[in-house]
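Read the structure below first, then the notes.
Below, chain A is the first sequence line, B the second, and so on; all start at residue 1.
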2 protein chains.
Amino acid sequence: MSPRKIQILQQASALMRTKGYASTTVRDIANSLNIEASSLYNHISSKEEILETICASLANQFESGILEINDIYFNAKEKLKMAIESHIRILTQDLNASYVFIHEWRNLGENALNEFVRRRDLYEKEFRDILYLGEKEGTFTDVDEKFVVITILSSLNSTIEWYKPNGQLSPKDVSNKLSDFILNGLLNSQA
Amino acid sequence: MSPRKIQILQQASALMRTKGYASTTVRDIANSLNIEASSLYNHISSKEEILETICASLANQFESGILEINDIYFNAKEKLKMAIESHIRILTQDLNASYVFIHEWRNLGENALNEFVRRRDLYEKEFRDILYLGEKEGTFTDVDEKFVVITILSSLNSTIEWYKPNGQLSPKDVSNKLSDFILNGLLNSQA
DNA sequence: TTGCATAACTAACAAGCGTTAGTTAGTCGA
DNA sequence: TCGACTAACTAACGCTTGTTAGTTATGCAA
């Protein structure tokens, strides 16, 4: 991928984060790079290709992250913590792209959309496997895995709504907070 | 509000849920009602008014729900459970509208957008107050309230991604599951 | 020096957008 | 029966959209 194309994807992510995919025009993107809209087409084949590239790139990262963790032998609690950490590390690496990934994937064309959903289901399945393991071990309470996985992932994804890359908290700090919340809940166990 | 206008809002919500606000055209909406696009303007003043109406209606419900709960004297645990139940009851009442409310509010015009954010912040503040109370009582662990409220609300909102109105679970069942998850976490306290 | 690749440009297209103007058929209370 | 109201229509406007065609300046490799 050429440096210029990377630059285009970054500008596009930033715009789509605030305006959404559909409301971001190729002229907007071109404008932010101080070139004409038609010049973009020396680097991309269509507007949708931008969205596909952003979404596929993040999907790749999430997928290889969870597969690596589930390939090694660990107990469920450790695996879940690692999965959360991997998810947050990827999310916080490029907030603009993450935002587009999470909120704009519905705008993908039919084929890319089907592929996206397929891969998301796979990712959720890997998380469910961790929960199954935890119940078998007796570490986790009996839960509705499908429900809990969606709830957990939604909690993790909410990070992009408030996280500041140059703020006090490192990605690791954030995943620690989330792991604590997800594992222990709000109630004070001392009381 | 005339029955016809309600019908328009319902069709619009359904379309915007799947296609998004920006990609749903007034011709799409008219088409789903078997009328011409221009005929819509006998009932609405603009496309954006549709979005504003949907968002404002839900904001009203959420707001009066939480204010009512926080006005009465209860302990934090009870308040939180009630707030969750209220939130889920409203969300599940009209899934299409809820979906638009949660995912499409960014498309509001400048004024409506500012108002929306203001009201959302107020809603979050009411939730934070419950957490403060819980910590004062010693019921809840010390938490980063701002972080936790966003995380909780994101968990609650994920309900619209999977909930089936004619399925096994009532809204009350769902809020019970969520309350349990949020209060107790995943770890088995017996073990 | 020639020739190709890159990355920009101008100009334009066809389609689709939200919206307006003006008209018309049906309904209903006075 | 009349006049106002409602809710639909046809036709069209001006603008924006993603995209294409053709051109041009620059820089590097043979």
Result block: side-chain N/O donor-acceptor pairs under 3.5 angstrom for residues 124-134 of chain A, not counting sequence neighbours:
{"from": "A/Lys125", "atom 1": "NZ", "to": "A/Asp129", "atom 2": "OD2", "distance (Å)": "2.9"}
{"from": "A/Glu126", "atom 1": "OE1", "to": "A/Asn70", "atom 2": "ND2", "distance (Å)": "2.9"}

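- With rounding to whole Å, B/Ile6 atom CD1 is found 16 Å from D/dA7 atom C1'.
- Here the rule is side-chain contact (heavy atoms from CB on, under 4.5 Å) with B/Ile84, and of B/Asn176, B/Leu153, B/Leu178 only B/Leu178 fits it.
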Please report the C-alpha distance between A/Ser98 and A/Leu58 in whole Å, then the side-chain angles of each, then the deciding distance to 0.1 Å, and finally whether the side chain to side chain contact (heavy atoms under 4.5 Å, CB included) criterion is met. CA-CA 7 Å; A/Ser98 295; A/Leu58 274 141; 4.0 Å; yes

Run the numbers on B/Thr139 and B/Asn75 for side chain to side chain contact (heavy atoms under 4.5 Å, CB included), then give the verdict. CA-CA 9 Å; B/Thr139 330; B/Asn75 65 41; 5.9 Å; no

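- Across all strands shown, B/Arg4 has heavy atoms under 4.0 Å from sugar-phosphate atoms exclusively, and none from any base.
- Taking a 4.0 Å limit (strictly below) on heavy-atom distances, residues 106-114 of chain A does not reach DNA chain D anywhere.
- Contacts between residues 10-26 of chain B and DNA chain D, counted as heavy-atom distances below 4.0 Å, involve no residue at all.
- Remark: B/Ser38, B/Tyr41, B/Ser46, B/Lys47 in residues 38-57 of chain B come within less than 4.0 Å of DNA chain C through at least one heavy atom.
- Side-chain polar atoms of B/Ser154 and A/Ser154 form a donor-acceptor pair below 3.5 angstrom.
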Verdict with supporting geometry, A/Asn60 and A/Arg119, side chain to side chain contact (heavy atoms under 4.5 Å, CB included): CA-CA 9 Å; A/Asn60 287 342; A/Arg119 298 184 72 179; 2.6 Å; yes

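- Boundaries of the chain A contact region on DNA chain C are C/dA7 to C/dA12, first to last in 5' to 3' order (nucleotide atom under 4.0 Å from a heavy atom).
- Rounded to a whole Å, the CD atom of B/Gln7 is 17 Å from the P atom of D/dT6.
- Listed by first and then second residue, the salt bridge (charged side-chain N to carboxylate O under 4.0 Å, His left out) pairs involving residues 9-30 of chain A are A/Lys19-A/Asp28 (not counting sequence neighbours).
- A/Leu156 and A/Leu91 get closest at one heavy-atom pair: O-CD1, 3.5 Å.
- Residues that satisfy the side chain to side chain contact (heavy atoms under 4.5 Å, CB included) test with B/Asn107, not counting sequence neighbours, are A/Ser23, B/Tyr21, B/Ala22, B/Leu51, B/Glu104.
- Applying the side chain to side chain donor-acceptor pair (under 3.5 Å) definition to pairs two or more places apart or across chains, those involving residues 40-56 of chain A are A/Lys5-A/Glu49.
- Pairs of residues two or more places apart, or lying in two chains, that qualify as ring pair (Phe, Tyr, Trp, His ring centres under 6.0 Å) and include a residue from residues 159-183 of chain A are A/Trp162-B/Phe147.
- Heavy-atom neighbours of A/Glu68 CD from other residues, nucleotides or ligands within 6.0 Å: at or below the threshold of 12.
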Counting primed atoms plus P, OP1 and OP2 as sugar-phosphate and everything else as base, spell out the protein contacts along nucleotides 23-29 of chain D at 4.0 Å heavy-atom distance: B, S or - for each nucleotide, 5' to 3'. -------

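- Considering OG1 of A/Thr141 and CG of B/Asp180, their distance stands at 6.5 Å, rounded to 0.5 Å.
- Hydrophobic cluster membership for B/Ile72: B/Ile69, B/Phe74, B/Met82 (Ile, Leu, Val, Met, Phe, Trp, Tyr linked by side-chain heavy atoms under 4.5 Å, directly or transitively).
- Residue pairs satisfying the side chain to side chain donor-acceptor pair (under 3.5 Å) criterion with at least one member in residues 29-40 of chain B, sequence neighbours excluded, are listed as follows: B/Gln11-B/Ser32.
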